[in-house]
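Numbers here are sequence positions counted from 1.
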Amino acid sequence: MQLAKSLQAIKPSYIREILSVANSADVISLAGGLPDGDHFPLALMEQSILQLSSRAELFQYGSTAGYAPLLAYFRECYQLSDAQDALVCTGSQQGLDLIARAFLDAGDKVVMEAPSYLGALQVFGLAQASIESIQQREDGPDLQELEQCFANKTIKMFYAVPDFHNPTGVCWSLDVRKKVAQLCQQYNVALIEDAPYRELRFSGTELPLVSSFCPEHAIVLRSYSKIATPGIRLGLASGPKAWISALERVKQGADLHSSQPMQAVLLDLLQHADFPKHLDGLRQLYRQRYQYLADLLTAQLPANCQFESVEGGMFIWLSLPVGCHVDRLAKDMLEVGVAVVPSSVFYQSAEGTKPAFRLNFTNACDSDLALAVSRLVQVLASVK
């Protein structure tokens, strides 16, 4: 059977493919956005999991919107208004897919920062959307470029990761957040605010969601992969009632509902008395690993390899010398036993691509980080 034209145009995920190699015992992986598996809150989940066998009702078909007690918790926790609803998704990635299928027709224009999250590029590509790329600055998107795009083109939505952006780690400033919200309102553009790393702030001051300044124009995607475990595959989409209702209709045809037993386990975890302590420990661990990697890079790499400091999240965006062939360098790194992700996979087109590596610091111990940097220095030294 012939593939759909939309799928033929989509390249396989470099990251998903490299993870099969990166998980080898002899490879140090700085590639995937993996939380540290040794710090999953399994002890906090144990009692809830053990009790599942006595909760037969959880194993029956459930509501598409989600497990009612969990939705009630989210409504209170995230202070959703009467004009807003929420939908539990099979990971926030599904939420993104539902949004694309519910609201995008072929050729509709979606604005994204460049570089941007690979999974979003794939979803919008499958929807046959036309992606408009906006340059990113140290405090968020280029506002002048963004407004010109909104004013001169018919833009349907703006997808963004304002807190500890994937792949660059950039966190939008308060002024940028307010201005983006104002522009979305002014030009009637839907903001898709992806917030999987928001709880992973380990320094600085927490800033309000961009959507808090334009709630009637925004859908927020949240993930529990980073603060609970990826394997439970649960996320949340929240926003205006009519928009969430549309997502629910698409989800009915996609998978009926997300796993009820896992939703019940997640609720118990989020309400566990020791969950805040777990989150604090995770932030402390990631702060230490980030600082260790940052210090190694600063001490050992040449001056033409640079990165901006981050206040949270999972990534360092390491800019490389102009002219570097990043795909070839990534392969060279893999040959010396280190997996990294080249910047080329995070751009819609080769035009405007800047040479860089995305380095994950959350899933490698100090000794592996030190060895990875020494091998990175070795590979970069061979670049002519």
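Remark: Glu57 CD is packed, more than 12 non-hydrogen atoms of other residues, nucleotides or ligands lying under 6.0 Å away. More than 12 heavy atoms of other residues, nucleotides or ligands lie within 6.0 Å of CZ in Arg55, so this atom counts as buried by the packing criterion.
The backbone N or O of Leu267 lies less than 3.5 Å from no partner atom in the side chain of Tyr73, so there is not a single donor-acceptor pair. In this structure a side-chain-to-backbone donor-acceptor pair under 3.5 Å is missing from Ser223 to Tyr197. Checked by atom type and distance alone, the side chain of Arg283 never pairs as donor or acceptor with a backbone atom of Gly312 at under 3.5 Å. In terms of modelled atom types and a separation under 3.5 Å, the side chain of Ser173 and the main chain of Val176 share a donor-acceptor contact. Panel note: side chain Lys241, backbone Asp82; a donor-acceptor pair is recorded below 3.5 Å. A donor-acceptor distance shorter than 3.5 angstrom exists from the side chain of Thr298 to the backbone of Ala294, with no hydrogens or angles considered. Panel note: side chain His257, backbone Tyr67; no donor-acceptor pair is recorded below 3.5 Å. With Lys156 contributing its side chain and Phe103 its backbone, the two residues share a donor-acceptor pair below 3.5 Å. In this structure a side-chain-to-backbone donor-acceptor pair under 3.5 Å is missing from Arg358 to Pro167. The main-chain N or O of Gln84 is found under 3.5 Å from a side-chain atom of Arg75 such that the two form a donor-acceptor pair.
Identified under the side chain to side chain donor-acceptor pair (under 3.5 Å) test for residues 332-348, with sequence neighbours left out: Asp327-Ser344.
Val170 and Ile192 are members of different hydrophobic clusters when ILVMFWY side chains are connected at heavy-atom separations under 4.5 Å. A chain of hydrophobic side-chain contacts below 4.5 Å, direct or via other Ile, Leu, Val, Met, Phe, Trp or Tyr residues, connects Ile244 to Leu96. Taking hydrophobic clusters as Ile, Leu, Val, Met, Phe, Trp and Tyr residues chained together by side-chain heavy-atom distances below 4.5 Å, Tyr117 does not share a cluster with Leu146. Hydrophobic clustering (side-chain heavy atoms under 4.5 Å, transitive across Ile, Leu, Val, Met, Phe, Trp, Tyr) keeps Val189 apart from Val220. Residues Leu221 and Tyr78 are members of one and the same hydrophobic cluster, defined by side-chain heavy-atom contacts under 4.5 angstrom among Ile, Leu, Val, Met, Phe, Trp and Tyr.
Residues Arg198 and Arg222 fail the side-chain proximity criterion, which asks for heavy atoms closer than 4.5 Å. Here the side chains of Asp36 and Tyr286 are in contact, with some heavy-atom distance below 4.5 Å. Side-chain contact between Ile49 and Leu42: absent, with no pair of heavy atoms (C-beta onward) separated by less than 4.5 Å. Using a 4.5 Å heavy-atom cutoff, the side chains of Thr154 and Lys109 are not in contact. By the 4.5 Å heavy-atom criterion applied to side chains, Cys89 and Arg233 are not counted as neighbours. Side-chain contact between Pro230 and Phe40 is present, with at least one heavy-atom pair separated by less than 4.5 Å. Side-chain contact between Lys251 and Glu248 is absent, with no heavy atoms from C-beta onward closer than 4.5 Å. Leu297 has its side chain out of reach of Cys305: every pair of non-hydrogen atoms, C-beta onward, lies at least 4.5 Å apart.
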(request) Quick one: do Ile219 and Met157 satisfy side chain to side chain contact (heavy atoms under 4.5 Å, CB included)? Show the steps, please. (result) CA-CA 10 Å; Ile219 293 177; Met157 61 181 66; over 6 Å; no
(request) Just do the side-chain hydrogen bond (donor to acceptor under 3.5 Å, both in side chains) check on Gln185 and Glu216 with the steps written out, would you? (result) CA-CA 9 Å; Gln185 291 173 316; Glu216 73 285 2; 2.9 Å; yes
(message) Using the rule given for side chain to side chain contact (heavy atoms under 4.5 Å, CB included), can you reason through Trp317 versus Val310, listing the C-alpha separation, both sets of side-chain angles and the distance that settles it, and then say yes or no?
(response) CA-CA 9 Å; Trp317 184 250; Val310 301; over 6 Å; no
(request) Check the pair Phe164, Arg201 against side chain to side chain contact (heavy atoms under 4.5 Å, CB included), reporting the backbone distance first and the verdict last. (result) CA-CA 8 Å; Phe164 319 120; Arg201 173 179 287 279; 3.6 Å; yes
(message) Test side chain to side chain contact (heavy atoms under 4.5 Å, CB included) on Ser258 and Gln94; report intermediate values, then the result.
(response) CA-CA 10 Å; Ser258 299; Gln94 186 192 45; 4.2 Å; yes
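Gly66 approaches Leu71 most closely through the heavy-atom pair O-CD1, 3.7 Å. Residues Ala120 and Met112 approach most closely at CB-CE, 3.6 Å, considering heavy atoms. The two atoms that bring Ala102 and Leu247 nearest to each other are CB-CD2, 3.9 Å, heavy atoms only. The nearest pair of heavy atoms linking Thr168 to Pro115 is CG2-CG, 3.6 Å. Considering every non-hydrogen atom in both Phe158 and Val111, the closest pair reads CD1-O, 3.2 Å. Closest approach of Leu143 to Leu183, counting heavy atoms only: O-CD1, 4.4 Å.
Residue Arg287 holds its CZ atom at 15.0 Å from OG1 of Thr362, rounded to the nearest 0.5 Å. Going from atom OG of Ser211 over to atom CG of Leu191 covers 6.5 Å, rounded to the nearest 0.5 Å. The distance from atom CG of Asp366 to atom CZ of Arg289, rounded to the nearest 0.5 Å, is 7.0 Å. Here the straight-line distance linking atom CG of Leu279 with atom NZ of Lys277 works out to 13.0 Å at 0.5 Å rounding. For the atom pair CZ of Phe357 and CG of Leu320, the computed distance is 5.5 Å after rounding to the nearest 0.5 Å. One distance of note links CD of Glu199 with CG of Asp163; it measures 9.0 Å at 0.5 Å rounding.
Applying the side chain to side chain donor-acceptor pair (under 3.5 Å) test to Ser48 and every residue at least two apart in sequence or in another chain returns Asp268. Applying the side-chain contact (heavy atoms from CB on, under 4.5 Å) rule to Leu174 yields the partners Lys178, Leu207, Pro208, Phe213; only residues at least two apart in sequence or on another chain are considered.
Aromatic pair Phe74/Tyr224: ring centres closer than 6.0 Å.
Asp295 and Gln291 are linked by a side-chain donor-acceptor pair at a separation below 3.5 angstrom, with hydrogens and angles left out of the test.
Salt-bridge annotation for Asp97 and Arg101: present, with a side-chain N of the basic residue lying under 4.0 Å from a carboxylate O of the acidic one.
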